[in-house]
Amino acid sequence: MQWHNHSIDVPIGAHAVYGGSKYSWVNDSSPEDALSRYYSSYASEVGTRIHELAADCIKTSVRLNKSEAKKLIQLKLLTGKFEIPRAAFDEVTLATNLINFINDGIGYGMRPEQVLKFSDYSFGTADAIIFDDKTRLLRIHDLKTGVVPAKFIQLEIYAAYFCLEYALKPGAISIELRIYQNGDVLVETPTAEDITPIIDSTLWHNKLIQETK
């Protein structure tokens, strides 16, 4: 048997839209089902590129209006070597999220794409973050490009990591979390009662790993 060599066209770790590891596609019963699955496969790449655009704008203090945002989104997603299908994203909703996220990030003087790390097992990257030493306010913003409603637990975990990394007690600071998604801005102001259990759980998990090693 002479096997075909796919080392170039199928990189290690690549997964097909209609592959064997995620096999629910075999139950698609209409063109709409099949195409929806195809377009959804680009969600991660859309998110990566939009987050890159947002971070660049915040770093350079470039505010956007809706027309400018739509043009930049099209440039980011519809050009280049790997063009994303036009039907795989909603530029109007993305533009609204992007404008709100970027303008707030600039207005609050936030730091984009900041890694928060407590250990090799507990870390993550905040889309935008700032801590005001005078007011003792921690602000973390998250830009979502998907349509499934996001929960605040991810940002609460980041707040816990911040407290652990910088040796701050959650009861000694104020926290405001924001999610930018589907054209809306959701706000949560967790208390120490919300963050302390996450800190305790993080410490327990890390201790367990260390003892196991």
S.K.: What closest approach, in Å, do L98 and I73 show between heavy atoms, and which atom pair accounts for it?
M.R.: CD2-CG1, 4.0 Å
S.K.: If you compare all heavy atoms of C57 against all heavy atoms of L64, which two are closest, and at what distance to 0.1 Å?
M.R.: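 Reported closest heavy-atom pair: SG-CD1, 4.2 Å.
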S.K.: Could you give me the CA-CA distance, side-chain angles and deciding distance for N65 and S67, then say whether side-chain hydrogen bond (donor to acceptor under 3.5 Å, both in side chains) is met?
M.R.: CA-CA 6 Å; N65 58 39; S67 176; 4.7 Å; no
S.K.: Run the side-chain contact (heavy atoms from CB on, under 4.5 Å) test against D120 and tell me which residues pass, sequence neighbours left out.
M.R.: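 side-chain contact (heavy atoms from CB on, under 4.5 Å) list for D120, sorted by chain: K117.
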S.K.: Going by atom types only, do R178 and Y108 share a side-chain donor-acceptor pair under 3.5 Å?
M.R.: yes
S.K.: If you define the side chain from C-beta out and look only at heavy atoms, does anything of L137 sit under 4.5 Å from I175?
M.R.: no
S.K.: Rest of the hydrophobic cluster containing W3 (Ile/Leu/Val/Met/Phe/Trp/Tyr, side-chain heavy atoms under 4.5 Å)?
M.R.: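 ILVMFWY cluster around W3 also holds M1.
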S.K.: Side-chain donor-acceptor pairs under 3.5 Å in residues 143-150, sequence neighbours left out?
M.R.:
residue: K144; atom: NZ; partner: D142; partner atom: OD2; Å: 2.9
residue: K144; atom: NZ; partner: Q154; partner atom: OE1; Å: 2.8

S.K.: Name all residues meeting the side-chain contact (heavy atoms from CB on, under 4.5 Å) criterion together with N27; count only those two or more places apart in sequence or in a different chain, and write none if there are none.
M.R.: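 Checked N27 against side-chain contact (heavy atoms from CB on, under 4.5 Å); zero matches.
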S.K.: Does a donor on one side chain and an acceptor on the other come within less than 3.5 Å for D33 and S36?
M.R.: no
S.K.: Report yes if the side chains of Y161 and S122 come closer than 4.5 Å at any heavy-atom pair, otherwise no.
M.R.: yes
S.K.: Taking ring-ring contact (aromatic ring centres under 6.0 Å, His included) as the cut-off, I'd like each qualifying pair that reaches into residues 53-107, sequence neighbours left out, listed once.
M.R.: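 Every ring-ring contact (aromatic ring centres under 6.0 Å, His included) pair that includes a residue of residues 53-107, provided the two are not neighbours, is F101-Y180.
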S.K.: In chain order, what residues pass the side-chain contact (heavy atoms from CB on, under 4.5 Å) check against A16, with sequence neighbours excluded?
M.R.: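 side-chain contact (heavy atoms from CB on, under 4.5 Å) list for A16, sorted by chain: empty.
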S.K.: Please find the pair of heavy atoms, one from N97 and one from G183, that lie closest to each other, and give the distance.
M.R.: OD1-N, 2.7 Å
